[in-house]
Amino acid sequence: MILFVLVFGLSGCATEGKVPAEQAVARFYTAVRAHDGERACALLAPEAADGLRTGGQDCAKAILDLDLPGGQVRESAVWGDEAQVRLTHDTVFLHRFPRGWLVRAAGCTPRGDLPYRCEVKT
């Protein structure tokens, strides 16, 4: 009985840790689909937002010019302050800041043994 409670309790904690990261991804893609570039950029890690400010273009316009596929959550994992959320058409990487989970990279596709290729990245 004690083992069941311990295992159940530990699996509950792991699931709870994933939910806020998944919700952050949902908020990000809701803003992108609504063409709300300001809101989408506010949900990016500062370095990711800065990376989109190139050639005199601001983040809000640049993020809407990208082809970010999104999709439904397939699986997610959290390691301390880092998270990965795999969607049906995308993989998103996040970091937990004092104000919550923010997107570090999005529009990411795996490349075998090489690092992911991402449209938005830090």
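Along the sequence shown, the residues carry numbers beginning at 1.
In R39, the CZ atom is not crowded: 12 or fewer heavy atoms of neighbouring residues, nucleotides or ligands sit closer than 6.0 Å.
A salt bridge is absent between D58 and K61: the closest approach of a Lys/Arg side-chain nitrogen to an acidic carboxylate oxygen does not fall below 4.0 angstrom. Between K121 and E119 there is no salt bridge, since no side-chain N of the basic residue sits under 4.0 Å from a carboxylate O of the acidic one.
In this structure, NZ on K18 lies 8.0 Å from CD on E75, to the nearest 0.5 angstrom. Here R74 contributes atom CZ and D90 contributes atom CG; the two are 10.5 Å apart, rounded to the nearest 0.5 Å. Annotation: the span from L52 atom CG to T54 atom OG1 amounts to 7.5 Å, rounded to 0.5 Å. Taken from CG in L43 to CD in E38, the straight-line distance is 11.5 Å, to the nearest 0.5 Å. Note: R96 CZ to W79 CH2 = 12.5 Å, rounded to the nearest 0.5 Å.
Residues V19 and F93 do not share a hydrophobic cluster, defined by chaining ILVMFWY side chains whose heavy atoms lie under 4.5 Å apart.
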**Message:** What verdict does the side chain to side chain contact (heavy atoms under 4.5 Å, CB included) test give for T122 and L44, after you've listed the backbone C-alpha separation in whole Å, the side-chain angles of each residue and the deciding distance to 0.1 Å?
**Reply:** CA-CA 9 Å; T122 55; L44 292 176; over 6 Å; no
**Item:** Check against side chain to side chain contact (heavy atoms under 4.5 Å, CB included), V25 and L94
**Value:** CA-CA 8 Å; V25 171; L94 303 99; 3.7 Å; yes
**Request:** Begin from the C-alpha positions of I63 and F28 and carry the test side chain to side chain contact (heavy atoms under 4.5 Å, CB included) through to its verdict.
**Result:** CA-CA 11 Å; I63 196 135; F28 173 74; 3.7 Å; yes
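Each disulfide bond (SG atoms under 2.5 Å apart) pair with one or both residues in residues 54-104, not counting sequence neighbours, appears once here: C41-C59.
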Less than 3.5 Å apart, which donor and acceptor atoms pair up between the side chains of residues 97-115 and the rest of the protein, not counting sequence neighbours?
from	atom 1	to	atom 2	distance (Å)
R99	NH2	A42	O	3.0
R104	NH1	E82	OE1	3.0
R111	NE	P115	O	2.8
R111	NH2	P115	O	3.2

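Shown here for V78 and A83, the closest heavy-atom pair between the two residues is CG2-CB, 4.0 Å. The two residues L64 and D36 have their closest heavy-atom pair at CD2-N, 4.3 Å.
A donor atom on one side chain and an acceptor atom on the other are found under 3.5 Å apart for E22 and S76.
The side chain to side chain donor-acceptor pair (under 3.5 Å) search around R86 returns Q84, Y116, not counting sequence neighbours.
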